[in-house]
Amino acid sequence: QVQLVESGGGLVQPGGSLRLSCATSGISFRYYVMGWYRQAPGKQRELVASITSARETNYADSVKGRFTISRDNAKNTVYLQMNILKPEDTAVYYCNAQRGQIYWGQGTQVTVAS
């Protein structure tokens with residue numbers, strides 16, 4: 001059974017930081033492209049960042065220089081370090097695993113507000 005479990009979301013003030021984690025099981029993690037997506041109310045789900053098995057990364061323009069995606073193959077976990085958070089970063093953040101098949105986590109809420 002494949003599971004992707006996100007954690008680390010919460011309420012943070014503008015300019016603050018959060019670190020999201022996505023622990024996986026049931027997949028050969030090291031071979032998967034891992035990604036973080038987000039969906040704000042009334043908007044479509046969008047790619048935030050992705051990392052390949054070769055650790056090549058890709059970021060949405062809106063988060064470049066502020067967010068960092070990384071992976072720990074020994075822990076089957078992908079991370080998203082989010083710095084200098086802005087109110088427009090408020091969304092539900094989803095973990096995604098792709099290798100032919102696509103798997104999603106249940107999402108974690110990130111709210112940036114004062």
Side-chain angles (χ1 to χ4, degrees):
Q1 182 181 0
V2 177
Q3 287 190 312
L4 281 66
V5 180
E6 299 99 335
S7 61
L11 173 63
V12 63
Q13 291 186 341
S17 298
L18 282 175
R19 189 193 194 204
L20 304 183
S21 300
C22 173
T24 73
S25 60
I27 60 172
S28 298
F29 178 82
R30 66 178 63 250
Y31 300 114
Y32 275 70
V33 176
M34 299 301 300
W36 286 97
Y37 288 70
R38 67 187 180 188
Q39 187 167 18
K43 295 188 176 181
Q44 288 189 329
R45 191 172 297 188
E46 63 175 357
L47 175 67
V48 176
S50 64
I51 184 167
T52 70
S53 57
R55 301 181 188 274
E56 297 166 330
T57 58
N58 179 53
Y59 295 93
D61 288 343
S62 59
V63 306
K64 282 181 181 176
R66 300 189 297 122
F67 291 11
T68 302
I69 189 171
S70 62
R71 64 191 299 158
D72 186 336
N73 290 343
K75 295 183 179 180
N76 296 332
T77 300
V78 62
Y79 304 96
L80 185 68
Q81 177 67 45
M82 305 186 294
N83 298 327
I84 317 175
L85 282 160
K86 304 175 181 180
E88 51 263 43
D89 294 318
T90 295
V92 177
Y93 284 70
Y94 296 91
C95 177
N96 169 280
Q98 297 190 38
R99 189 189 181 210
Q101 290 180 303
I102 300 174
Y103 301 101
W104 292 93
Q106 82 288 350
T108 185
Q109 176 70 46
V110 171
T111 302
V112 185
S114 53

Tell me if the CZ atom of Arg30 is crowded by more than 12 foreign heavy atoms within 6.0 Å. no
Tyr103 and Tyr32 aromatic ring geometry - parallel, tilted or perpendicular at 30°/60° bounds: tilted
Where the side chain of Thr24 meets the backbone of Asn76, is there a donor-acceptor pair that is under 3.5 Å apart? yes
So, taking the atom named CD1 in Ile84 and the one named OG in Ser17, what distance separates them when rounded to the nearest 0.5 Å? 7.5 Å
Check Leu4, Ile69, Asn73 against Val78 for a side chain to side chain contact (heavy atoms under 4.5 Å, CB included) and give me the one that passes. Ile69
Pairwise side-chain contact, Asn96 with Arg45, heavy-atom cut-off 4.5 Å (strictly under): no
Heavy-atom closest contact (Gly16 atom, Val12 atom, distance): CA-CG2, 3.8 Å
Under 4.5 Å between side-chain heavy atoms, hopping through other hydrophobics if needed: is there a path connecting Val2 to Tyr31? no
Measuring from atom CD of Gln109 to atom CG of Leu11, what distance do you get when rounded to the nearest 0.5 angstrom? 9.5 Å
Give the minimum heavy-atom separation between Ser114 and Pro14, together with the two atoms involved. N-CD, 3.8 Å
When rounded to the nearest 0.5 Å, the distance separating CH2 of Trp36 from OH of Tyr79 is 10.5 Å
Heavy-atom nearest pair, Thr77 first then Ala23, reads OG1-CA, 3.8 Å
Is there a path of hydrophobic side-chain contacts, each under 4.5 Å between heavy atoms, that joins Phe67 and Met34? yes
Once rounded to the nearest 0.5 Å, what's the spacing between atom OG1 of Thr90 and atom CZ of Arg38? 9.0 Å
Determine the minimum heavy-atom distance between Ala91 and Ala40, stating which atoms define it. CB-N, 3.8 Å
Evaluate the criterion side-chain contact (heavy atoms from CB on, under 4.5 Å) for residue pair Glu6 and Leu20; output intermediate values, then yes/no. CA-CA 7 Å; Glu6 299 99 335; Leu20 304 183; over 6 Å; no
Same hydrophobic cluster for Val5 and Tyr93, using side-chain heavy-atom links shorter than 4.5 Å among ILVMFWY? no
Inter-residue atom distance Gln1.CD - Ser25.OG, 0.5 Å rounding: 7.5 Å
Are Val33 and Ile51 joined in one hydrophobic group, where the rule is that I, L, V, M, F, W and Y side chains link up if heavy atoms are under 4.5 Å apart? no
Shared ILVMFWY cluster between Tyr59 and Val112, side chains joined below 4.5 angstrom? yes
Quick check on side chain to side chain contact (heavy atoms under 4.5 Å, CB included): which of Thr111, Asp89, Val110 does Leu18 satisfy it with? Val110
Which distance, rounded to the nearest 0.5 Å, do you find between the CD of Gln39 and the CD of Glu46? 9.5 Å
Around atom CD of Glu88, are there more than 12 heavy atoms of other residues, nucleotides or ligands at under 6.0 Å? yes
